[in-house]
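What follows is a set of notes on a single structure, which appears directly below.
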Amino acid sequence: MSESAEQTGIALDALGDWRGGGGCGTWRSEHIGRSVIVMGWVDVRRDHGGIVFVDLRDRTGLLQIVLDPADGAGAHERAHALRSEWVVAARGRIAARPRETVNSELPTGEIELRVEEVRVLSMARVLPFPLGEAHEANEALRARYRYLDLRRPRMLRNLTARHCVTAAIRALLDDEGFIDVETPILTRSTPEGARDYLVPSRVTPGSVYALPQSPQLFKQILMVAGLERYSQIVRCVRDEDLRADRQPEFTQVDLEMSFIGADEVMAVTERILVAGARAVGTEVPQIPFPRMTYAEATRRFGTDRPDTRFGLELVDLSAEMGASQARVLAEAVAKGGMVGGIVVDDGSRFSRSQLDELVEWSKTVGAKGLAWIRSTPEGWQSPLAKFFAEGERTAIEGHSGLRQGGVLFLVAGPRKLAGSVLGQLRLRLGAMLGLVPHERNNYLWVTDFPLFEHSEEDGRLVAVHHPFTAPCDEDLGRLESDPLDVRAVAYDVVLNGVELGGGSIRIHRPDIQARVFAALGINDAEQSEKFGFLLDALSFGAPPHGGLALGLDRLCMLWLGEHSIRDVIAFPKTQKAHCAMSEAPSVPSEQQLRELGIRMRQAEKVKPES
Ligand code: ASP
């Protein structure tokens, strides 16, 4: 306990017949003379002896209340005891502030409340961090006292804005005939590419439920059930390594439609984004969004979620480099890989040490290295210069657009790796050179993803999206013979290089679903064990259908200009997937384990993060 509560000698008051607050931040000069009751938290108290000023705060804002013995002697007496974050109610009259004390920064800055009676509803211990300086407080402390962190106007704004976004999206979906259906939390594994969170069953010892990575199969089955348009703003749970824009549980705007093609799903999604952007007060996107195929996105930008707000596009110099004397480069091409480059016109922007730093950085993202060539009036300056004859130089300059004064960065390696390093290099160069117009918002569809890729871990064929994604009709014949060449009817929506969400047209024929499972190495027994219910459902009259899911947290984060999704989630987890406030996860009791038939091999005590 701080000195405040015990040493003040103040007895708490009951709310009594006072009701309802009254919106501290809503009073204006047109209310002068009105008798009102306001309630809220003491933000700041300024005790001038004769008169005490308190900024009272509620979710609508701040109001200066004045405790002057001339207005209410009892109220003034109690005012000396008030401390930050006490909960107080005050009755009084709205009055104009003396001209010299008008605060033009505050919406209520022209008025104040002259208090006649004050009631102390609750006291507060001294806070572990002052709210005004919360941004400087240690993250762990803020997470532990999340309710205090949430008292900050900025966090309140974020939660309110998020509410406006979901309300607008729900209204739009309702208008467009979507039916909101809740799907189970206790379910079985849905392959979205992440690890599952498992919940042991007490009733069936030895068995577990999986928390849903997405409602994918349920929403498809709702289409088989004849709902035609399903939507849900739904929590999904994936056990992945966490980053600033990833949480173990996150929210999706999830939808599924029958008797449609990709265009219809994309059009609804665009309308959702327009409605959400309008609700949050950010720039409303122009629709329809531009589209780009996966092949074009990876070729030009080295990624399937390109930030198209600036240039620095990739050039494929494999043909020129493959025939050169530069062994490392030529070998990469000979092995079926590539040499790609990025040209920066003003090479004087890079010092030698910056170039060296970039080379070192490239190794941290998986490259063997990074080469550079400066074009100067004296010719090429580069560790590689000696390998290129005049004619070769001209060809490289012609293809890449390297001109005098410019610098060409080169990455060699297997196609996917080199593309990805170049894609990341492009972002890095864009940021270093200040080329990213942060005030612009580029929404983009990326389409025609490959259906399969090789898993990075073991080289097996895996689904790029998920195994229920429909192959392009014209590629169906190659499913068995050339699976890596089969395109999917899948689409992702991207904002400024960040994936907002994605979806696909689904397989609605059991025979095609079984072929895709087979291509993924899922044998008949496993198909019927894991997905029998889906294959069954598809065999009882399934309409053609498709859908998409948007990541709501990420969307709100971007729209609100925040840098972490934790700033738009009321009770987020820490980087270690802990809830610092409730201290989840926790060690179960012996009895709980016994009931579940589980013996723990080890229990790691949850340590508070600092
Ligand atoms: N279930 C997918 C996901 O969560 C989205 C979809 O295909 O609709 O990424």
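Just so you know, residue 1 is the first one in the sequence shown, and it goes up from there. Atoms considered below: every heavy atom in the structure, side chains included; atoms not considered: hydrogens, waters and symmetry mates. Indexing begins at 1, ligand by ligand and atom by atom, following the structure's order. Predicted model only: the values in this text are computed from it and were never measured.
Using cut-offs of 30° and 60° on the angle between ring planes, the pair Tyr145 and Tyr147 is perpendicular.
For the pair Arg299 and Asp316, the salt-bridge criterion is not met [side-chain N within less than 4.0 Å of a carboxylate O]. A salt bridge does not link Arg238 to Glu249: none of the charged side-chain nitrogens sits closer than 4.0 Å to a carboxylate oxygen.
Annotation: Tyr230 is not in aromatic contact with Phe178 [ring centroid separation under 6.0 Å not met].
Sorted by first then second residue, the side chain to side chain donor-acceptor pair (under 3.5 Å) pairs that include residues 422-436, not counting sequence neighbours, are Ser420-Gln424.
In this structure, His545 contributes its side chain and Ser258 its backbone to no donor-acceptor pair below 3.5 Å.
Protein residues having at least one heavy atom under 4.0 Å from any atom of ligand 1 are Glu192, Ser214, Gln216, Lys219, Arg238, Gln252, His465, His466, Gly502, Gly503, Arg506, Gly547, Leu548, Ala549, listed by chain and number.
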